[in-house]
Each structure stands twice: as structure tokens, then as C-alpha cells.
Amino acid sequence: MSHYKSNLRDIEFNLFEFLNVGDSYGVPPFDAFDVDTAKAALREVDRLAKEDFASSFEDGDRTPLKLVDGEVELPASMKASLDALFDGGWHLLGIDPGLGGFGAPDTLRWSATELLTGANPAAFLYASSTLMAGVIGALGTPEQRETWAQWIIDKRWGATMVLTEADAGSDVGAGVTKATHIEGTTYHLEGVKRFITSGENDYYENIVHLVLARVPGAPAGTKGLSMFIVPKYLVDADGNLAERNGIRATNLEKKMGIKGSTTCELTMGMGEPCVGYLVGDDHHGIRQMFHIIEDARMMIGVKSASTLSTGYLNSLAYAKERVQSADLTQASDKTAPKVEIIRHPDVRRMLMLQKAYAEGLRAMWMYAAMTLDRAKLDDDREYWAALSDLLLPIVKAYSSEKAYELLATSLQVFGGSGYLQDYPIEQYIRDAKIDTLYEGTTAIQALDLFFRKIVRDRGQTLTRFSESIMDYVKGGSDAFAEERHALGEALEQAQAHVGVLVAHAMASQEEPAEIYKTGLHTNALLESLAEVVIAWLLLEHAEVANAALAGADGADVDFYTGKIASARFFVADALPKAAMRTAAAQAESGWLMELPDAAF
């Protein structure tokens, strides 16, 4: 039986009852997917996720991977999971039709990603190669689009993004990997990269690495980086494999989780030339790579939310079956019958905590995916693109932090059994921790949100988005009047929090140390903004559910009742924290930064 428990009902609610994506499905540029086709696709991906993809979840974790002579052999179970995905063509879902893909809307593509990453995140990471093909197709030369991009798709090659260096870490601009020009777009690369996801495996006959490197004389920092196509095997003009290129896996990282995914150190130019080809016709590597980085950050937000969702649903199923202790009202009666633990108050609290946040995280990434669709469709494309940029660090950072935190609650429902490998929760927790670190830590996302997405924009996008939330606060139904009032107050607190941090940042122009007061509270700002967004979305969900209840029957009654409960619980649990965070930012003196290092 599959460990993975999906929530297709809530995915479809978000898509078709709340976001009403049917208005844009089936019309250019999403001609291939009307509502019926989209629903059929989701049902099939749901089946694939629960059966084929989930089947290698445990085996991939518990079968040690070994690096032997620069090669890594994957377990047969992992290869079978990947075969099911590729044979079904699901890797092409969001790819440009010009490259042979289906061109699905982002809302549909990311919905499928939720199902697959929840079932087996390690397997999904191997299947991300088509993203690199899309980037080469969009940013490479016409020849690179017709060759490398098309070969990755047609030949089912692997692909990776190669940024991190040991001494640079998240400071990508400090990378020193060198690219020496040979002729035309051909360069020889020298350097060592680490933490490279899917950097080596025997599933793909070839792996195309997209590598950031610096040509001699290039400016310092990220502006001096260029992006290169570096294949594991060199090829002839038709894409047939030739000799091995000078890029080798020289270490396989031993990790806490996602053990089925090969995370490698890659060494280039050690004893043999490492041939790379400049992507496109300029040296704007970091700009090019950000197309991949942003997609990866969104994927982490979706993956986190999905893992929390299946963790919750596993703990819910256990709570309905596990019988222990009498009802609290009969605790003094030693002869009273024992009840399912879902009847115990604290277990119910833990279940609702997970439910509200799992649905809230899904609502947030789904809305962010909708902004991507609107940026391709709407007359107001600039706003939707800017809103997508604003939401991305919130989706990535908040989802990853809350999922990791609340998966511990999932385990708690199981009691001691949750600590065992008999149930999947302990692996969920190990697999989820990387999400707060991968593609930029939470602190980096919070700095990006404040300085790049709010200050650089002069707050224009955030202000307009806040106005749409206030429209609901002022115009929602009486059924949620108290909750709307709480939302309005939390939004005001979050806006005040922004103002405090902006004031500190402005003061730092005269007194540089004032910027520390901003840096000490950007994470907290991200949390408050995320919770305001989620509370708004869940209340909008509750409005839809409340209106639908009158005509509902069967399981839909329970579903809609649960949606209302999630919204009310989240508002009560999350929104009061905004005022506390703002007060802390206002009271900040910066004393922590003055504390001697030796005092820690």
C-alpha cells in the first residue's frame, strides 16, 4: 500500500471552484487543456504518483548509493518510477509545444508537481531535466535550441544546474570556476562545484550540466558569471555520444534525507579538458540561471506543502484507527470504553493545526502559480509578473519552514510509533529539512523579499496587492465578519512592520549599523506577510464553501465544512502573531549585533 496520501479534492477546489481557471483553460496559449482534459490529466498523475512514483520512496531512501569510478548506479525501483513518468510523457507537461511539450498552464503543471513531489521527492529531482531544456530553448542560440534543448527532450537525457562552490556557498558571485575561451562558443572549464542535485547517475545515457563560470577579466560578483552547456559525454553533430568529457563526480554527499537523490561534487578539467559551450551569445549567466533558480524555489514551496499534506493525512488516518484511553469526560471511570485517539482534545488540536496550514500552504502556492498564468494572459501582465516575483520568496521560505515544523506534529499524533520506520513520517521529516536550505536559506529569501521585491519596487506591488486583500476585508460576507476584522488588523500590522524596517534601512545611509535592525526582523516580516496572504485565501475559500454548502451532499458536505473550519482555525492561530512581530521590530535596539562574539 502506498505511503502517499494525496488531496486531489482540495487541488481541484483551488483550481476550479476558487481560482476558476476554466476561464483561461482551452484558449491560447493553453489550447491543449480545457477543464475536462485538465481533470483527466490530474487523475492520471494522481494514480501514477500513488502507484509508480511512490513505489520507490522507501527503497530509494534505504538502498545506499555508491560512487564507483565516477559512476553511481540507481536502484531498479527508482529507474522503474522514472520509466513510468517518462513513458507516460508527463515530463513534458509544462514544456513549450515548440520543443515537443504540452504547454500546460502553470496552475496545472504545479498541481501535478504537488502530486509527484509528495509521492517521491528524490525521484522527482531526477525528472527536472526538461526545465533545463526549456531554458536552453528560450535563452540559447537557435542552434542550441535545435540541438541541446531538443536532444534533452527527445533522447530523455538528464540535466542539472551547477552553481555552488565550497568556499562560496550561497554567495554565488564568489565562485571562482574558470572558463577559458577556445574558439566560437567553446570554452574549457576548470573548477570544483558541490551540492549538485542529480550530478551523476546511470539512468540517463547523457547528462547536460548548466554551469556558472567566470571568464578571465570578468567583473567580480555575479555580474561576471557566464553560463555554459557542459555535457557528461561529448556528442557529434547528430547528438550521438562520443568521448567522455572532463567533468567527473568526485564525491557523493552523505545526507540526512532525500537519500535516493544523488547530490554530488563535480570536478572539471582535472587531467583532461572539460569542454563547455556558452549559452546564448552573451555573458549574462546569473540572469539566465535565475530562470532555473526561480523555478526550483517554487518547486521547493510546492514540495514542502505536499509533504506536510501527506504527513497530515497519514496522521489523520492513524488517529481514526488507533484506540487508546477513554474519552476525557469519562477519564475517572476505569471501566469506560477506550476510544479512537481522534476523540482526544489535544489530538484534535494537532490534526486541525496540520489541516489548516497544509491547506493554507497549498492555497498560497496555487495563487502564486495563477499569477504566472495571468502574466501570460492578462492585459495587466506587468503587475502579475511583479506579484509573482513578490510571492516567490514567501512561498519558498514560509512553506519550507512551516512544513518542517508541523511534520513534527504529524509524528506526534503517532506517538512512539511515529518514530519508527514502520510509518513514513520520520522519512518525511528528514526529506523536508533540506527545503529550508535548498536554493537559498530562509534568511536569504527574507532579504530578497524586503530589499529586492519591496524596497526596490518602492512598495508599489505590495501596496496594490494589499488593496485587493482590503477589498475582501471590507466586502466579505457577515458569516466571517470577526475573521475579516482580524485579517484587516493583521494586514495593518504587517504594513507597519514594513514601515519600521524601511525606516531602519533609510537611517543606515547616515549610520550604517542601523541596517542590522532591519536584518534582525526580515524573517519575521516574511512570516507575517505569508500569514496574511494565507488567511485571506482561506477566508475566500470559506466564502466559496459556505455558499456551496446549501446544495452539497455526501462527502462534499464534510469537505466544505472542513474548509470553513480550516479558515477559522488559521485566523485564530496565526494572525495575532503579526502584532507581536511588529512590536518587536519597533522596539529593536540592535544590541545583539553589539554583543561580543565570545559571549555566544
Original post:
Got more than 12 heavy atoms from elsewhere within 6.0 Å of CD, Glu340?
Top reply: yes

**OP:** Evaluate ring pair (Phe, Tyr, Trp, His ring centres under 6.0 Å) for Tyr126 paired with Tyr203, printing each intermediate quantity in order.
**Re:** CA-CA 9 Å; Tyr126 289 113; Tyr203 181 74; 7.8 Å; no

Original post:
Salt-bridged, Glu44 to Arg47, with N to O below 4.0 Å?
Top reply: yes

Subject >> Shortest non-hydrogen contact between Leu525 and Ala494, atoms and distance >> reply: CD1-O, 3.9 Å

Original post:
Glu51 and Ser2: side-chain donor and acceptor closer than 3.5 Å?
Top reply: no

**OP:** Report yes or no: is the cationic atom of Lys39 (NZ for Lys, CZ for Arg) under 6.0 Å from the centre of the six-membered ring of Phe16, at an angle within 45° of the ring normal?
**Re:** yes

Original post:
Hey, are the side chains of Leu449 and Ile394 touching, using non-hydrogen atoms and a 4.5 Å cut-off?
Top reply: yes

Original post:
Among side-chain atoms of Asp327 and His344, is any donor-acceptor pair under 3.5 angstrom?
Top reply: no

Subject >> Member of Tyr4, Phe57, Tyr404, Tyr423 meeting the ring pair (Phe, Tyr, Trp, His ring centres under 6.0 Å) criterion with Tyr428 >> reply: Phe57

Subject >> Greater than 12 external heavy atoms within 6.0 Å of Glu12's CD >> reply: yes

**OP:** State whether Lys79 and Asp83 are salt-bridged, where the test is any N-O pair (Lys NZ or Arg NE/NH1/NH2 against Asp/Glu carboxylate O) under 4.0 Å.
**Re:** no

Original post:
Looking at Lys5, Lys563, Lys355, which hits salt bridge (charged side-chain N to carboxylate O under 4.0 Å, His left out) with Asp10?
Top reply: Lys563

**OP:** Step by step, work out the side chain to side chain donor-acceptor pair (under 3.5 Å) result for Ser56 and Ser77.
**Re:** CA-CA 5 Å; Ser56 60; Ser77 62; 4.9 Å; no

Original post:
Checking Ser399 side chain against Val395 main chain: does a donor-acceptor pair fall under 3.5 Å?
Top reply: yes

Original post:
Is the shortest heavy-atom distance from the side chain of Leu537 to the side chain of Asn14 under 4.5 Å?
Top reply: no

**OP:** Could you tell me whether Phe18 and Phe13 have their ring centroids closer than 6.0 angstrom?
**Re:** no

**OP:** Would you please test Glu17 and Tyr560 for side chain to side chain contact (heavy atoms under 4.5 Å, CB included) and show each step?
**Re:** CA-CA 11 Å; Glu17 296 182 63; Tyr560 291 131; 2.6 Å; yes

Subject >> Main-chain N/O of Val473 paired to His485 side chain as donor or acceptor, under 3.5 Å >> reply: no

**OP:** Indicate, with yes or no, if the rings of Phe465 and Trp536 have centres closer together than 6.0 Å.
**Re:** yes

Subject >> Arg349/Asp346 ion pair, N-O < 4.0 Å >> reply: yes

Original post:
Can Ser417 and Tyr318 be said to form a side chain to side chain contact (heavy atoms under 4.5 Å, CB included), step by step?
Top reply: CA-CA 10 Å; Ser417 295; Tyr318 183 83; 3.7 Å; yes

Original post:
Ile534 and Tyr398: side chain to side chain contact (heavy atoms under 4.5 Å, CB included), yes or no, with the steps?
Top reply: CA-CA 11 Å; Ile534 290 172; Tyr398 188 81; 3.7 Å; yes

**OP:** Evaluate whether atom CZ of Arg568 has more than 12 neighbouring non-hydrogen atoms of other residues, nucleotides or ligands under 6.0 angstrom away.
**Re:** yes

Subject >> Heavy atoms of other groups near Asp478 CG, more than 12 under 6.0 Å >> reply: no

Original post:
Is a salt bridge present between Glu531 and Arg581, judged by a nitrogen-to-oxygen distance below 4.0 Å?
Top reply: yes

Original post:
Does Asn546 reach the main-chain N or O of Ile564 with its side chain, forming a donor-acceptor pair under 3.5 Å?
Top reply: no

Subject >> Tyr25-Phe33 aromatic ring centre distance below 6.0 Å >> reply: no

**OP:** Mind running side chain to side chain donor-acceptor pair (under 3.5 Å) on Asn201 and Thr262 for me, showing each step along the way?
**Re:** CA-CA 7 Å; Asn201 64 82; Thr262 52; 4.7 Å; no

**OP:** Flag the pair Glu58 / Thr63 as yes when at least one side-chain heavy-atom distance between them is below 4.5 Å, and no otherwise.
**Re:** no

**OP:** Specify the closest pair of heavy atoms between Pro121 and Thr117, including all atoms of both residues, with the distance to one decimal.
**Re:** CD-O, 3.1 Å

Subject >> Steps toward side chain to side chain donor-acceptor pair (under 3.5 Å) verdict (Asn7, Ser309) >> reply: CA-CA 8 Å; Asn7 197 339; Ser309 180; 4.8 Å; no

Original post:
What closest approach, in Å, do Gly418 and Leu411 show between heavy atoms, and which atom pair accounts for it?
Top reply: O-CD1, 3.4 Å

Original post:
Going by heavy atoms in the side chains, are Pro64 and Lys259 under 4.5 Å from each other?
Top reply: no

Original post:
Nearest heavy-atom pair of Ala368 and Leu391: which atoms, and what distance?
Top reply: CA-CD1, 4.1 Å

Original post:
Is any side-chain N of the basic residue among Arg464 and Glu467 closer than 4.0 Å to the acidic one's carboxylate O?
Top reply: no

**OP:** Verify the distance criterion only: is there a donor paired with an acceptor across the side chains of Thr409 and Gln354 at less than 3.5 Å?
**Re:** no

Original post:
Which pair of heavy atoms, one from Glu359 and one from Gly562, lies closest together, and at what distance?
Top reply: OE1-O, 4.5 Å

Subject >> Pairwise side-chain contact, Lys433 with Met256, heavy-atom cut-off 4.5 Å (strictly under) >> reply: yes

Subject >> Sidechain-backbone polar pair: Asp448 side chain, Ile444 backbone, donor-acceptor under 3.5 Å >> reply: no

Original post:
Is His521 close to Leu501 at the side-chain level, that is, under 4.5 Å between some pair of heavy atoms?
Top reply: yes

Original post:
With no hydrogens and no angle check, do the side chains of Asp34 and Thr37 hold a donor and an acceptor under 3.5 Å apart?
Top reply: yes

Original post:
Is there a donor-acceptor contact under 3.5 Å from the side chain of Ser306 to the main chain of Glu114?
Top reply: yes

Original post:
Any Lys/Arg nitrogen of Asp295 or Arg109 sitting under 4.0 Å from an Asp/Glu carboxylate oxygen of the other?
Top reply: yes

**OP:** Would you mind reporting whether Leu351 and Ile342 have side-chain heavy atoms less than 4.5 Å apart?
**Re:** yes

Original post:
Can Asp435 and Lys396 be counted as an ion pair, charged N to O under 4.0 angstrom?
Top reply: no

**OP:** Could you please spell out the steps behind the side chain to side chain contact (heavy atoms under 4.5 Å, CB included) verdict for Ser111 and Trp365?
**Re:** CA-CA 9 Å; Ser111 295; Trp365 73 249; 3.9 Å; yes

**OP:** Indicate yes or no for a side-chain donor-acceptor contact from Gln324 to the backbone of Lys338 under 3.5 Å, with no hydrogens or angles considered.
**Re:** no

Subject >> Side-chain donor/acceptor of Ser388 to backbone N/O of Trp384, under 3.5 Å >> reply: no

Original post:
Does the pair Arg430/Asp61 count as a salt bridge with the N-to-O cut at 4.0 Å?
Top reply: yes

Subject >> Flag, side chain of Asn523 to backbone of Ala446, donor-acceptor distance under 3.5 Å >> reply: no

Subject >> Under 3.5 Å donor-acceptor, Thr518 side chain and His504 backbone >> reply: no

Subject >> Over all atoms of both residues, closest heavy-atom pair of Arg9 and Asp556 >> reply: NH2-OD1, 3.2 Å

**OP:** Say whether Ser81 and Asp52, considering side chains only, have a donor N or O and an acceptor N or O under 3.5 Å apart.
**Re:** no

Subject >> Stepwise side chain to side chain donor-acceptor pair (under 3.5 Å) test for Ser528 and Gln493 >> reply: CA-CA 8 Å; Ser528 289; Gln493 289 292 335; over 6 Å; no

Original post:
Distance-only, no hydrogens or angles: does the Gln412 side chain make a donor-acceptor pair with backbone N or O of Leu407 under 3.5 Å?
Top reply: no

Original post:
Any side-chain heavy atom of Glu294 within less than 4.5 Å of one from Leu392?
Top reply: yes

